[in-house]
Amino acid sequence: MDCASPGGTDTSTDPDLDKNQAFERGHAAAGLTPPDSSHKSNGELGPKTLRRLAQNREAARRSRLRKKAYVQQLESSGLRLARLEQELQRARQQGFLISTLGDQPDSENGDAASSFYVEHARWLEEHHKQVDELRAAVGAHAGDGDLQAIVDTVMARCDEIFRLKGAAAKADAFRVLSGTWGTPVERCFLWLGGFRPSELLMLLASRLEPLTEKQLDSIDVLRRSSLQAEEALSREMEALRQSVTETVAAAGSSSLSCSDDDCTGQMAVAVGKLGAMEGLLRQADDLRLRILEETRRVLTTRQCARAVLVVTDYFSRMRALSSLWIARPTTGVN
């Protein structure tokens with residue numbers, strides 16, 4: 001027999017409903033609210049928690065920006081390296097790194113000189129990889145210790161290429177003097193087989209900012225000292241050329257041919273005088289290395305890192321200028 005309530009409703013209980021009601025009554029008695037996240041708001045969080053969350057969000061945002069900048073730098077560096085490799089390959093094809101067949105050496109010394117051009121190409125490729133690493137470190141605001149380590153590596157590699165260049169000059173000073181490892185534009189602006197230190201100092205003074213008055217004065221003193229040394233070496237080179245010219249002219253003054261003993265002796269004297277060219281090239285490279293080292297002592301670590309980038313970009317633009325010159329449209333001659 002069923003029992004009915006006065007209102008005629010069914011008073012039978014649902015077991016699941018009873019359990020839910022009991023669960024809610026238990027939480028209410030304990031002063032707890034149901035675990036519904038929709039009832040929470042930021043107003044219930046303490047100021048320290050909110051501040052910490054804001055700091056975390058800002059740190060995450062900066063991390064994303066640094067990562068994005070680093071990726072962009074890598075992509076840019078990759079494109080730059082690809083362009084340089086194309087320029088290098090074009091230079092090889094057009095004979096700017098390796099001499100033409102008629103200028104190929106046929107002696108052991110000549111082969112030693114030619115090996116420098118191959119080593120220089122390898123060095124240039126590795127140098128740009130190191131500079132790209134340095135550029136990324138500067139862009140990521142790396143510490144002075146990290147920057148110093150990369151700069152030291154770059155400068156050590158520069159010392160190595162100067163050592164190889166000295167060996168090449170000893171084997172064949174003329175090939176080093178003419179800079180046949182470089183592009184036409186680079187060769188046009190060479191001074192005794194390399195760059196003028198005074199011009200490099202002017203470049204740094206104009207591109208490195210900010211420099212203190214004391215740093216600018218120190219760089220100017222270095223520039224003046226370098227300029228005096230460059231002028232002295234240039235005078236020695238001009239005197240050497242004049243002396244060789246006069247010796248060769250004297251060798252042919254007594255006869256039309258150079259078969260007699262007197263002529264042969266004069267030509268031997270001329271060859272001996274040309275041997276002094278190796279010493280001039282060595283002095284020029286010693287000057288370059290000395291100016292580089294003294295400039296490092298004037299600049300801070302971060303400025304040294306930026307100086308490496310400035311100088312590398314300058315020489316890259318010189319090579320690019322040569323490629324643009326070669327690829328320029330030419331008009332026919334009437």
Side-chain angles (χ1 to χ4, degrees), residues 47-85 87 122-162 195 197 199-223 288-289 291-320:
K48 291 184 178 180
T49 303
L50 291 175
R51 187 164 53 251
R52 186 166 59 252
L53 290 174
Q55 292 173 348
N56 291 341
R57 287 193 295 269
E58 179 63 18
R61 186 184 69 84
R62 291 180 179 178
S63 178
R64 289 193 299 270
L65 290 176
R66 285 196 298 269
K67 182 178 180 181
K68 181 179 179 181
Y70 180 70
V71 171
Q72 290 176 343
Q73 289 171 351
L74 288 179
E75 293 175 349
S76 176
S77 299
L79 292 175
R80 189 182 302 107
L81 180 59
R83 287 196 297 268
L84 290 173
E85 289 176 346
E87 293 174 11
R122 294 174 182 171
W123 174 86
L124 187 63
E125 182 178 356
E126 183 63 27
H127 174 74
H128 281 289
K129 290 180 181 179
Q130 293 172 343
V131 169
D132 287 340
E133 180 184 359
L134 180 61
R135 196 185 307 275
V138 171
H141 303 288
D144 286 354
D146 294 334
L147 294 178
Q148 186 67 55
I150 302 176
V151 170
D152 288 344
T153 301
V154 172
M155 295 309 298
R157 291 282 296 170
C158 287
D159 290 341
E160 177 66 15
I161 197 63
F162 273 106
F195 62 87
E199 293 179 353
L200 182 142
L201 290 170
M202 291 179 60
L203 172 68
L204 294 181
S206 63
R207 295 295 302 276
L208 284 183
E209 296 179 356
L211 291 173
T212 65
E213 289 296 328
K214 183 178 180 180
Q215 287 177 318
L216 288 172
D217 290 341
S218 297
I219 290 177
D220 187 61
V221 170
L222 282 177
R223 185 186 66 81
R288 295 180 183 104
L289 287 173
I291 292 300
L292 289 176
E293 186 59 34
E294 293 185 6
T295 303
R296 287 188 66 183
R297 289 198 287 266
V298 172
L299 304 176
T300 65
T301 299
R302 195 164 296 275
Q303 287 173 336
C304 282
R306 291 173 54 201
V308 171
L309 301 181
V310 168
V311 173
T312 300
D313 289 345
Y314 169 77
F315 287 119
S316 294
R317 288 193 294 271
M318 291 293 285
R319 285 188 292 274

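- Separation of atoms OG1 (T301) and CG (L147) is listed at 7.5 Å; rounding is to 0.5 Å.
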Run L53 and R57 through side-chain contact (heavy atoms from CB on, under 4.5 Å) and show every step you take.
CA-CA 6 Å; L53 290 174; R57 287 193 295 269; 3.8 Å; yes

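- The salt bridge (Lys or Arg N to Asp or Glu O under 4.0 Å) test applied to R64 returns no partner, not counting sequence neighbours.
- Around CE of M318, the count of heavy atoms belonging to other residues, nucleotides or ligands within 6.0 Å exceeds 12.
- Scanning for salt bridge (Lys or Arg N to Asp or Glu O under 4.0 Å) contacts around R61 gives E58, with sequence neighbours left out.
- When the side-chain hydrogen bond (donor to acceptor under 3.5 Å, both in side chains) test is applied to R223, the partners found at least two apart in sequence or on another chain are D220.
- We find the OG1-CZ distance between T312 and R317 to be 10.5 Å, quoted to the nearest 0.5 Å.
- Applying the salt bridge (Lys or Arg N to Asp or Glu O under 4.0 Å) criterion to R302, with sequence neighbours excluded, gives D144.
- Within the model, atoms NE2 of H127 and CG of D132 stand 9.5 Å from one another, a figure rounded to the nearest 0.5 Å.
- From L222, atom CG reaches atom OG1 of T295 across 5.0 Å, with rounding to the nearest 0.5 Å.
- Applying the side-chain hydrogen bond (donor to acceptor under 3.5 Å, both in side chains) test to Q303 and every residue at least two apart in sequence or in another chain returns Q215, T300.
- Residues meeting the side-chain hydrogen bond (donor to acceptor under 3.5 Å, both in side chains) test with S218, sequence neighbours left out: none.
- Annotation: the span from H128 atom NE2 to W123 atom CH2 amounts to 7.5 Å, rounded to 0.5 Å.
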Listing, residues 151-162 side-chain donor-acceptor contacts under 3.5 Å, not counting sequence neighbours, or none:
unit_1: D152; atom_1: OD1; unit_2: Q148; atom_2: NE2; d: 2.8
unit_1: D152; atom_1: OD1; unit_2: R296; atom_2: NH2; d: 2.7
unit_1: T153; atom_1: OG1; unit_2: A149; atom_2: O; d: 3.0
unit_1: E160; atom_1: OE1; unit_2: R163; atom_2: NE; d: 3.4
unit_1: E160; atom_1: OE2; unit_2: R163; atom_2: NH2; d: 2.6

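- Residues forming a side chain to side chain contact (heavy atoms under 4.5 Å, CB included) with D146 (at least two apart in sequence, or on another chain): A142.
- Taking V310 as the reference, L203, L204, R207, L208 meet the side chain to side chain contact (heavy atoms under 4.5 Å, CB included) condition, with sequence neighbours excluded.
- The CG atom of L211 sits 5.0 Å away from the CD1 atom of I219 when rounded to the nearest 0.5 Å.
- Taking L309 as the reference, V131, L134, R135, V138 meet the side chain to side chain contact (heavy atoms under 4.5 Å, CB included) condition, with sequence neighbours excluded.
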